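Per chain, numbering begins at 1; letters A, B, ... match sequence-line order. This structure is a prediction, so every number in the text was calculated from the model and none was measured.
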Protein chains: 2
Amino acid sequence: MRQTTSLSAEDAAIAAGFERFYELLRRLTPRSELSLTAASTLHRLDRGGPRRLCELHAPEGVSQPAMTQLVTRLEKEGLARRGSDPEDGRAVVVTITDAGREAVARRREGRTRALAALLEQLPAEEHAALVAALPALDRLSGLLAS
Amino acid sequence: MRQTTSLSAEDAAIAAGFERFYELLRRLTPRSELSLTAASTLHRLDRGGPRRLCELHAPEGVSQPAMTQLVTRLEKEGLARRGSDPEDGRAVVVTITDAGREAVARRREGRTRALAALLEQLPAEEHAALVAALPALDRLSGLLAS
DNA sequence: CCCAGTTATATCACTGCCTTATACAGGTTT
DNA sequence: AAACCTGTATAAGGCAGTGATATAACTGGG
């Protein structure tokens, strides 16, 4: 078991690499129509299906009022809609609309395009190394999602 | 030359992986004392040395007034200071302070710690794949920095 | 069955950080 | 020195977050 007070040099190297990479992705993301939280929430609704409002704010790491306001904005822009839960009159069930799905797709495509332009400048073996690392990235994401 | 209208399936897979990964990093970053731009700017000042204000706003992807305001906040918090350029009376030279360096280090350590906790749950070969992908990540970051 | 407590959402007042438009001081050119 | 250009600051406004609190709907014990 790894000590929490000492970080391995290798982990530190990975973290440093990820840090630069995070900045890269941040700059790669076009100043879009969607805020970070809005994009992430829509993405979650897209792959996970409708959710109650109270099930959305915690995983997105924002307060409940922030999620209420976000859903209000999304609704106003036609990207999501509020519904009710027949089993619980208090609950608000949030559903992504087709327009919302399109917005998610557009955002993804914009980022993919910018990334692809960089990827094609990469030596073949580094490109291959990225592809080889994808399962690890997936697993990392999965670890936190649970 | 790649068509701009068609993206290779491989690039799309990398982009999709990166997208989930970006969300992961976002959630991994502790709600810290520093905004995204503040952290990135301090980091830049830390590794690149003092810069004029006008050299900071473009690479950070914000407007010039935003950078003026950010520097004012950083100065108020003691993380950076304004100096003058003896060669140009208009210029403001921004320098990171020791407190600023500490803030960057704290932020990095927080993220590293959270990441390390995930990394140790990774199978050895996936961990190795991440390490192997680091040079590619570095090069990607370098491509955009230029 | 009703009152108390809990849960889900909304509203309010405030703050942080961004934007565009504009002012202005310091350089540069002719 | 007049005209222009560049670097920074200020002003006014918007979006997205916060904590505190209100309100409506569910739940469980007497």
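- Under the 3.5 Å distance criterion, the side-chain polar atoms of Glu60(A) are left unmatched by any main-chain donor or acceptor of His57(A).
- One atom, CG of Leu70(A), and another, P of dT9(C), lie 14 Å apart when rounded to the nearest Å.
- As a whole-Å value, the separation of Glu55(A) CD from dT9(C) P is 8 Å.
- Using a 4.0 Å heavy-atom cutoff across all strands shown, Thr72(B) reaches no nucleic acid atom at all.
- Leu34(B) is not connected to Leu115(B) by any chain of hydrophobic side-chain contacts under 4.5 Å among Ile, Leu, Val, Met, Phe, Trp and Tyr, and they are in different clusters.
- In the interface, the side chain of Gln69(A) is paired with the base of dT18(D) through a donor and an acceptor atom under 3.5 Å apart.
- Residue Arg82(A) places its side chain closer to dA10(C) than to any other of dG7(D), dA16(D), dA10(C).
- Put simply, CG on Leu34(B) is 17 Å from C1' on dC18(C), counting in whole angstrom units.
- Atoms CG (Leu74(A)) and C1' (dC15(D)) sit 13 Å apart, rounded to a whole Å.
- Nucleotide dA10(C) holds its C1' atom 16 Å from the CG atom of Leu56(A), rounded to whole Å.
- Summary of the strand contacts: Asp88(A) and Thr37(A) both lie near DNA chain D, and taking for each the nucleotide with the nearest heavy atom, the more 5' one is attributed to Thr37(A).
- Between the side chain of Thr97(B) and the backbone N or O of Gly78(B), at least one donor-acceptor pair lies under 3.5 Å.
- Taking atom CD of residue Glu33(A) and atom P of nucleotide dC18(C), one finds them 21 Å apart after rounding to whole Å.
- A distance-only check finds no donor-acceptor pair linking the side chain of Glu126(A) to the backbone of Arg139(B) [under 3.5 Å].
- Scanning atom types as modelled, one donor and one acceptor separated by under 3.5 angstrom connect the side chain of Arg90(A) and the base of dT7(C).
- Judged by distance alone, with hydrogens and angles left aside, the side-chain atoms of Ser40(A) form no donor-acceptor pair with the main-chain N or O of Leu36(A) at under 3.5 Å.
- When the C1' atom of dA16(D) is taken as reference, atom NE2 of His57(A) falls 16 Å away, rounded to whole Å.
- Between Asp85(A) and Arg90(A) there is no salt bridge, since none of the side-chain N atoms of the basic residue sits less than 4.0 Å from a carboxylate O of the acidic one.
- OP1 or OP2 of dG16(C) has not a single side-chain nitrogen or oxygen of Arg73(B) nearer than 4.0 Å.
- Taken residue by residue, residues 60-68 of chain A places heavy atoms nearer than 4.0 Å to DNA chain C at Gln64(A), Pro65(A), Thr68(A).
- Remark: C1' of dC17(C) and NZ of Lys76(B) are 13 Å apart, rounded to the nearest angstrom.
- By the 4.0 Å N-to-carboxylate-O rule, Arg107(A) lies too far from Glu33(A) to be salt-bridged with it.
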